[in-house]
Colleague: 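I am attaching a structure below and will ask some questions about it afterwards.
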Amino acid sequence: GSAALWYTDERAKSLIFSKPYLHNQLILVGRKGSDVNAKSLTDLGKVKIGVVENYAYDAAFLKNPNIEIVKDISDQKNMERLLSKKVDYILVDALLLQYLLKYQTNDVSQFLEIGTTPLSIKAFHFALNTNIEDAEEIITLFNQEIDKMMSDGTYHEILELNWIQTDIDGDGKLEMVLIGDQAGENEPSNAYAVDPNKQSISNKGFYINGEY
């Protein structure tokens, strides 16, 4: 099996997949004042975009004739290219952006514009070979444990996040979930969306220290 696989129909012939527990979410980032409101990679027009070498980007993006792709070894190098105006935009995973917003808030607000819509989303699953004894039960238990981790703060702690957005009670509506009880008086300006496909659903409320 594997702790982190993307789902495909071909793989599903021999593997049992958990529900998604994390998503790769590529966000468009530009210099301050840039338009980062594109809803898809095809909406960008003729631009130069910095990407990380050997990352599995969508084939349609890589073959887009309007996009000049500039590869480098890391997000840090791409950020340097962006700020020195060698590229128009960079694509950055949403989780890394959460770290920047948490630890370098002033720099982000001064120098960067960050999109709100992921331009590419790929779900991560835990998967086991169907030949493994009790594979279905193991996957079920894994799903249950991930749910508990999201509600008790263990998930936040591993990813170094204060807030996440997820559907705690399974009703299709998102809750803002905090690790601990230091919530403050105002709604957080950003929270990591565990399932970005549900971002359009209005937040139902807040889940703090095990209570709504």
Colleague: Are Ile164 and Met150 side-chain neighbours, meaning at least one heavy-atom pair lies under 4.5 Å?
Modeller: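 Sidechains of Met150 and Ile164: in contact.
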Colleague: Do Ile139 and Leu128 have side chains that get closer than 4.5 Å, going by heavy atoms?
Modeller: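 The answer is yes; the side chains approach within 4.5 Å.
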Colleague: In the single-linkage hydrophobic clustering (I, L, V, M, F, W, Y; side-chain heavy atoms under 4.5 Å), do Ile132 and Leu15 co-cluster?
Modeller: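 Different hydrophobic clusters.
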Colleague: Quick one: does Gln25's side chain have a donor or acceptor within less than 3.5 Å of a partner on Ala193's backbone?
Modeller: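 Yes, the answer is positive, given that a donor and an acceptor are paired below the 3.5 Å cut-off.
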Colleague: What are the two closest heavy atoms between Met176 and Ala191, and how far apart are they?
Modeller: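 In terms of heavy atoms, the two residues are closest at SD-CB, 3.5 Å.
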Colleague: Flag yes if more than 12 heavy atoms outside Glu53 fall under 6.0 Å of its CD atom; otherwise flag no.
Modeller: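 Yes, CD of Glu53 has more than 12 neighbouring heavy atoms, counting only those of other groups under 6.0 Å.
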Colleague: Rounded to the nearest 0.5 Å, what separation is found between the CG atom of Leu22 and the CD1 atom of Ile158?
Modeller: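 Between atom CG of Leu22 and atom CD1 of Ile158 there are 10.5 Å.
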Colleague: Is any side-chain heavy atom of Asn78 closer than 4.5 Å to a side-chain heavy atom of Val52?
Modeller: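 Result yes, sub-4.5 Å side-chain heavy-atom pair found.
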Colleague: Any non-hydrogen side-chain atom of His156 less than 4.5 Å from a side-chain atom of Trp163?
Modeller: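 No - every pair of side-chain heavy atoms lies 4.5 Å or more apart.
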Colleague: For residues 28-47, which residue pairs qualify under salt bridge (charged side-chain N to carboxylate O under 4.0 Å, His left out), counting only residues two or more places apart or in two chains?
Modeller: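 Checked against salt bridge (charged side-chain N to carboxylate O under 4.0 Å, His left out) - neighbours excluded - the pairs reaching residues 28-47 are Lys32-Glu113.
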Colleague: Quick check for you: to the nearest 0.5 Å, what is the distance between Ser18 atom OG and Ile146 atom CD1?
Modeller: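 Going from OG on Ser18 over to CD1 on Ile146, the span is 7.5 Å.
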Colleague: Can you run down the side-chain hydrogen bond (donor to acceptor under 3.5 Å, both in side chains) pairs that involve residues 130-146, sequence neighbours left out, and say none if there aren't any?
Modeller: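 For residues 130-146, and leaving out neighbouring residues, the side-chain hydrogen bond (donor to acceptor under 3.5 Å, both in side chains) pairs sorted by first residue read Asn129-Asn131, Glu145-Lys148.
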Colleague: Under the rule for side-chain hydrogen bond (donor to acceptor under 3.5 Å, both in side chains), what residues qualify as partners of Glu68, not counting sequence neighbours?
Modeller: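 So Glu68 forms no side-chain hydrogen bond (donor to acceptor under 3.5 Å, both in side chains) with any residue.
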Colleague: Could you give me the CA-CA distance, side-chain angles and deciding distance for Tyr89 and Val36, then say whether side-chain contact (heavy atoms from CB on, under 4.5 Å) is met?
Modeller: CA-CA 9 Å; Tyr89 298 99; Val36 292; 4.0 Å; yes
Colleague: Count the heavy atoms of every other residue, nucleotide or ligand shown that sit under 6.0 Å from NZ of Lys102, and state whether that count exceeds 12.
Modeller: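 Buried by this count: over 12 neighbours within 6.0 Å.
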Colleague: Going hydrophobic residue to hydrophobic residue with side-chain gaps under 4.5 angstrom, can you get from Ile90 over to Val70?
Modeller: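 Same hydrophobic cluster.
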Colleague: Looking at Asp147 and Lys19, is any side-chain nitrogen of the basic one under 4.0 Å from a carboxylate oxygen of the acidic one?
Modeller: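 Result for this pair is yes, salt bridge flagged.
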Colleague: Would you mind reporting whether Val177 and Ile168 have side-chain heavy atoms less than 4.5 Å apart?
Modeller: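 Sidechains of Val177 and Ile168: in contact.
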Colleague: Hydrophobic clusters here meaning ILVMFWY residues chained together by side-chain heavy-atom distances under 4.5 Å, can you tell me if Met149 and Ile138 are in one?
Modeller: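 As far as the 4.5 Å side-chain criterion goes, Ile138 and Met149 are connected within one cluster.
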Colleague: How about Phe111 and Met79: do any of their side-chain heavy atoms sit closer than 4.5 Å?
Modeller: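 No, every pair of side-chain atoms sits at 4.5 Å or beyond.
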Colleague: Which atoms form the tightest heavy-atom contact between Leu119 and Ser40, and what is the distance?
Modeller: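 The answer is CD2-N, 3.7 Å.
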Colleague: Work out which heavy atom in Gly180 is nearest to a heavy atom in Ile208; give both atom names and the distance.
Modeller: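 Between these two residues, the closest heavy atoms are O-CG2, 3.8 Å.
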Colleague: For residues Phe126 and Phe124: do they belong to one hydrophobic cluster (side chain heavy atoms under 4.5 Å, members Ile, Leu, Val, Met, Phe, Trp, Tyr)?
Modeller: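 In one cluster with Phe126: Phe124, yes.
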Colleague: Is there a donor-acceptor pair under 3.5 Å between the side chain of His23 and the backbone N or O of Val194?
Modeller: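 The answer is yes, because a donor-acceptor pair under 3.5 Å joins these two groups.
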Colleague: Can you name the residues that form a side-chain hydrogen bond (donor to acceptor under 3.5 Å, both in side chains) with Asp107, not counting sequence neighbours?
Modeller: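 Scan of Asp107 (side-chain hydrogen bond (donor to acceptor under 3.5 Å, both in side chains), adjacent residues dropped) gives none.
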Colleague: Atom CD in Gln104, atom CG in Leu112: separation rounded to 0.5 Å?
Modeller: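 It is 9.5 Å, given to the nearest 0.5 Å.
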Colleague: Please enumerate all residues that pass side chain to side chain contact (heavy atoms under 4.5 Å, CB included) together with Leu95, with sequence neighbours excluded.
Modeller: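 Counting only residues at least two positions away or on another chain, Leu95 forms a side chain to side chain contact (heavy atoms under 4.5 Å, CB included) with Asp93, Tyr99, Leu159, Leu161, Tyr192.
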Colleague: Apply the side-chain contact (heavy atoms from CB on, under 4.5 Å) test between Ile49 and each candidate in Ile69, Leu91, Val87; give the one that qualifies.
Modeller: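 The residue from Ile69, Leu91, Val87 that satisfies side-chain contact (heavy atoms from CB on, under 4.5 Å) with Ile49 turns out to be Leu91.
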Colleague: Parallel, tilted or perpendicular: which one describes the rings of His125 and Phe17, with boundaries at 30° and 60°?
Modeller: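 The rings of His125 and Phe17 stand perpendicular, inter-plane angle above 60°.
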Colleague: Check this for me, if you would: do Asp72 and Arg81 make a salt bridge, where the nitrogen-to-carboxylate-oxygen distance has to be below 4.0 angstrom?
Modeller: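 Yes.
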Colleague: To the nearest 0.5 angstrom, please state how far the OG1 atom of Thr117 sits from the CG atom of Asn37.
Modeller: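 It is 8.0 Å, given to the nearest 0.5 Å.
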Colleague: Test side-chain contact (heavy atoms from CB on, under 4.5 Å) on Asp167 and Asp169; report intermediate values, then the result.
Modeller: CA-CA 6 Å; Asp167 181 8; Asp169 53 9; 3.1 Å; yes
Colleague: Show your working on side-chain contact (heavy atoms from CB on, under 4.5 Å) between Leu5 and Arg11 and close with a plain yes or no.
Modeller: CA-CA 9 Å; Leu5 273 186; Arg11 289 173 174 174; 3.7 Å; yes
Colleague: Indicate if Ile27 and Tyr103 have the same hydrophobic cluster label, given that clusters are the connected sets of ILVMFWY residues with side-chain heavy-atom separations under 4.5 angstrom.
Modeller: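 Yes: a chain of side-chain contacts under 4.5 Å links Ile27 to Tyr103.
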Colleague: Ring centres of Tyr21 and Tyr155 under 6.0 Å apart?
Modeller: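 Tyr21 vs Tyr155: aromatic centres not under 6.0 Å.
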Colleague: Test your reading of the model: is there a side-chain donor-acceptor pair from Ser2 to the backbone of Ala4, 3.5 Å cut-off?
Modeller: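 Yes, because the side chain of Ser2 sits within donor-acceptor range (under 3.5 Å) of the backbone of Ala4.
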Colleague: Who pairs with Lys122 by side chain to side chain contact (heavy atoms under 4.5 Å, CB included), at least two apart in sequence or on another chain?
Modeller: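 Lys122 satisfies side chain to side chain contact (heavy atoms under 4.5 Å, CB included) with Trp6, Asn24, Ala56, Asp58 only.
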Colleague: To the nearest 0.5 Å, what is the distance between OG1 on Thr154 and CD1 on Ile179?
Modeller: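 Spacing of OG1 (Thr154) from CD1 (Ile179) equals 7.5 Å.
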Colleague: Could you tell me whether the side chain of Ile114 reaches within less than 4.5 Å of the side chain of Leu97, counting heavy atoms only?
Modeller: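 Result yes, sub-4.5 Å side-chain heavy-atom pair found.
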Colleague: Once you round to the nearest 0.5 Å, how far does OH of Tyr207 lie from OG1 of Thr166?
Modeller: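 Tyr207 OH to Thr166 OG1: 11.5 Å, rounded to 0.5 Å.
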